Amino acid sequence: MSFTVGMYLAERLAQIGLKHHFAVAGDYNLALLDQLLTNSAMRQVYCCNELNCGFAAEGYARANGAAAAVVTFSVGAISALNAIGGAYAENLPVILISGAPNSNDHGTGHILHHTTGGTEYSYQIEMARRLTCAAESITDAASAPAKIDHVIRTALRESKPAYLEIACNLATAACVRPGPVSSLFSSPEPDETSLRAALDATLDWLKPRERVVLLVGSRLRAARSAEAAIALADRLGCAVTVMAAAKGDFPEQHPGFRGVYWGEAGDPGARELVETADGVICLAPVFNDYATVGWTAWPKGETVLLADPDGVTVGGMAFGGFGLGCFLAELAERAPPRPATARETGFSPSRIAPAAPDAPLTNDEMCRQIGALLTPDTTLTAETGTAWFDVMGMALPNGARLELEMQWGHIGWSVPAAFGNAMGAPERRQMLLVGDGAFQLTAQEVAQMVRYACPVIVFLVNNRGYVIESAIHDGPYNAIKNWDYAGLIDVFNAGEGHGLGLRAATGAELEAAIAAALANRKGPTLIECAIAHTDCARSLVTWGRHVAAANARPPQPR
Ligand SMILES: Cc1ncc(Cn2nnc(CCOP(=O)(O)OP(=O)(O)O)c2C)c(N)n1
C-alpha cells in the first residue's frame, strides 16, 4: 500500500504521543478515518456528537499533553469549534481535523451538501482561524506535509488548538513520509540579554521586600513551569497561594502552601496574605471577572511582579523573548536564599464533621465523602456550577489533579472531558462532579464511558436547577426539567453494558454507593446525589453577589 496524506497525518499524531484520536463519521472524512485506522499505534474513539468529540479531545489533552478530533465539514466542525474555543481559552493543544469538499469542486460553482448552500467553502477555515493558533487547508498532496507539520508544531509550541481541513479526495493521495518528529518540538532559543535584564530587575525588586507571596495562575501548567515554581518557592521560603482556576497546579502538601486566593470566596487567610504582602509574584495568572470576584480581588501596582508565559513585568519595565520556565528556574538559582518564614504557620483546609448517616444528604456531607476519596492518582473533573466551589474546599494530596474549565465555562464540558481524560489516563482514579443542569447538555457521553468500559465515578449533583445562576441572578429560567439520572444508565447499558446507576439521599446511601463505585471497574458508576436546591457552598453566595454587581454596572459615559 503506498504512503498517503492520511498516513502522514496519522504518523505525526502518533509520533507526538497520541494513542487515541476522537472522531464522528461523516462522508467528508470517511476515507481519512480509514487512513488513520491503518496506524496501529493509535485507537480511533467515537463520540456521540462533535461538540462532545471536541471536549473529549480537550480532556484527553489534559491527561496526555495533546489530542486530535476528526469531524465532517460544517455540520460537524462548527459544533466542534465551540469545544475548540474552549481549548483555546484553556491553553490546550487540540488539533481539530475536518473533512472538506473535493479539491476539484473549488471554483466550479458547485453547490455541495453540508455547506451553507453557496459556492464558496472557505467560511469554515475563516471561522477556525479566529479560534486557533494555526489553520491550514489541504487541497493538494505536495503541500500536505508542510501544512500538517506547521499546524502540529504551532499547537505544541503555543499550547493552543490548531485546525486542519483535508479535501475528501486527498486522504488517499500518495504522499512522502515524515522526517524526524523532533522538528515538531523545536522552539526558539531564549533572548539572553532580555532574560538577564529581567532577572536583574527582579532581584532589585525583591531586595527590600520581606513579605513575599507567590500567586499561582492557571496558565502555569500550559507553560510547563510547575517544577520551576516549586523551586522558586523553596528558594524564597515564601508563602504560596493559588488562584481558583489553578487549584491543584501547586502541591498542597508543600510547606509553603496557604490555600486558594479568590477574594471573599477564597480560603480564610489567603486574601489577607496576598493583600498585605509587600511583594506578590503572580505566576501566569488570568485575572478575569470570575477569578477576581467581579473585579474585587485583583492585585495591582508596584508590589506586583507579573510573570507570564510570554514575558515578565516588574519594577515598571516589561521583558520578553524567553519562556516562563527558564525565567523561574534561573531566578530560583540566583535569588538569595531566604529562611522559610512562611512555614511557621501551616495551612489546614476547613474540616467538615460527618453527618448523621440517615440524615438527608447535604452538600457538605457530599463534599466530605468525595474529598475523602482523593488519592495521589486521582483526577477529579469539576464542572461549571456549585462544583467549582465544592472542590475549592477539598484538600488535594500531592499528585492529585483537578480539571477545571473556569475561563471558557461551557456547562456540559466536564462529561466528555472526563471521558477523554479517562481514555488518556486509564491508570488514574477518574472522578467527575457535575450539576444536573450541565449534565443535561452532554449526558450521552456517559454511554461512551459504558462502551469503552471507563470506570469513571460520576457524582451527579441533583439540586433541581441552575443553582450557580440563581446565586448570580435568579428567575424562572434557572428551573429545569428533572430527569431520572441514575435510571439513564440502564438506557446507556442497553443490556450489555456495565454501567451502574445509584441514588444517594443520605450520607449512608452515599457511602454505600461509593463502595459500589470503587468496586465497579468495568464501567462508569453514576451516583445521583439528592441535594436541596438552596444547599450550596457559602462562598458561592458571596461570589455570586459580587459577580451580579459587576454584571449590573451601568454604562459609563465614554
Ligand atoms: C453552554 C453554556 N450555556 C449556558 C451557560 C450559563 N450557565 N452557567 N451555569 C449554568 C447552570 C449550571 O447548573 P448546574 O449544572 O445544575 O450546576 P449547579 O450550579 O450545581 O446547579 C448555566 C445555565 C454556560 N456556562 N454554558
Side-chain angles (χ1 to χ4, degrees), residues 49-55 58 78-90 131 244-245 265 288-291 294 361-367 370 380-394 403-418 431-446 458-486 488 504 526-545 547-548 550-551:
N49 62 54
E50 287 85 352
L51 174 67
N52 289 2
C53 187
F55 278 140
E58 197 259 27
I78 292 175
S79 288
L81 280 174
N82 191 335
I84 292 304
Y88 196 97
E90 304 296 332
L131 296 170
N288 68 27
D289 48 348
Y290 277 14
L361 184 60
T362 63
N363 198 65
D364 276 353
E365 177 61 11
M366 177 188 73
C367 292
I370 294 172
L380 173 59
T381 299
E383 179 63 82
T384 294
T386 55
W388 279 354
F389 300 85
D390 290 344
V391 297
M392 291 300 144
M394 296 179 189
E403 300 296 358
L404 297 161
E405 194 210 31
M406 295 185 87
Q407 178 56 42
W408 194 240
H410 183 304
I411 56 169
W413 150 84
S414 66
V415 180
M431 302 201 310
L432 165 60
L433 182 59
V434 56
D436 48 346
F439 187 75
Q440 292 192 1
L441 273 78
T442 56
Q444 63 274 77
E445 228 54 28
V446 173
V458 181
F459 292 95
L460 187 288
V461 183
N462 188 353
N463 54 20
R464 301 302 180 100
Y466 297 158
V467 172
I468 189 173
E469 294 296 278
S470 300
I472 295 172
H473 178 102
D474 208 1
Y477 28 75
N478 291 332
I480 61 175
K481 170 70 181 68
N482 190 36
W483 290 4
D484 174 3
Y485 299 98
L488 264 184
L526 185 147
I527 304 174
E528 179 181 345
C529 301
I531 302 289
H533 184 70
T534 53
D535 181 5
C536 65
R538 283 162 294 288
S539 53
L540 166 57
V541 178
T542 305
W543 176 87
R545 189 175 66 248
V547 166
N551 288 345

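Just so it is clear, the model here is predicted, and its values are computed rather than measured. Indexing begins at 1, ligand by ligand and atom by atom, following the structure's order.
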Answer yes or no: does atom CZ of Arg545 have more than 12 heavy-atom neighbours from other residues, nucleotides or ligands under 6.0 Å? yes

Quick check: Leu441 and ligand 1, any N/O pair under 3.5 Å apart? no

Any N or O of Asp436 that comes nearer than 3.5 Å to an N or O of ligand 1? yes

[X] heavy atoms, cut-off 4.0 Å: which ligand 1 atoms fall inside?
X      : value
Gly465 : 16 (O), 21 (O)
Val467 : 18 (P), 19 (O), 21 (O)
His410 : 1 (C), 26 (N)

Closest non-hydrogen atom pair, [X] against [Y]:
X      : Y      : result
Asp535 : Thr362 : OD2-CA, 3.3 Å
Leu540 : Phe389 : CD1-CE1, 3.4 Å
Ala443 : Val415 : O-CG1, 4.5 Å
Leu361 : Ala504 : CD2-O, 3.5 Å

Protein residue, atom and distance nearest to [atom], heavy-atom basis:
atom                    : answer
atom 8 (N) of ligand 1  : Glu469 OE2, 3.4 Å
atom 19 (O) of ligand 1 : Ile468 N, 2.9 Å
atom 25 (N) of ligand 1 : Gly409 O, 2.8 Å
atom 3 (N) of ligand 1  : Ile411 CG1, 3.9 Å
atom 14 (P) of ligand 1 : Gly437 N, 3.6 Å
atom 13 (O) of ligand 1 : Tyr466 CD2, 3.3 Å
atom 15 (O) of ligand 1 : Ala438 N, 2.7 Å
atom 20 (O) of ligand 1 : Thr386 OG1, 2.5 Å

Taking C-beta and beyond as the side chain, do Val458 and Val434 meet within less than 4.5 Å on heavy atoms? yes

Taking side chain as C-beta onward, heavy atoms only, is Val391 less than 4.5 Å from Leu380? yes

Regarding Trp413 and Glu383, is there a side-chain donor-to-acceptor distance under 3.5 Å anywhere? no

Does the side chain of Gln407 pick up a donor-acceptor pair with the side chain of Tyr88 at under 3.5 Å? no

Less than 4.0 Å is my threshold; does some heavy atom of Cys536 fall inside it relative to ligand 1? no

Heavy atom of Asn463 under 4.0 Å from ligand 1? yes

Do Tyr290 and Trp543 have ring centroids that are under 6.0 Å from one another? yes

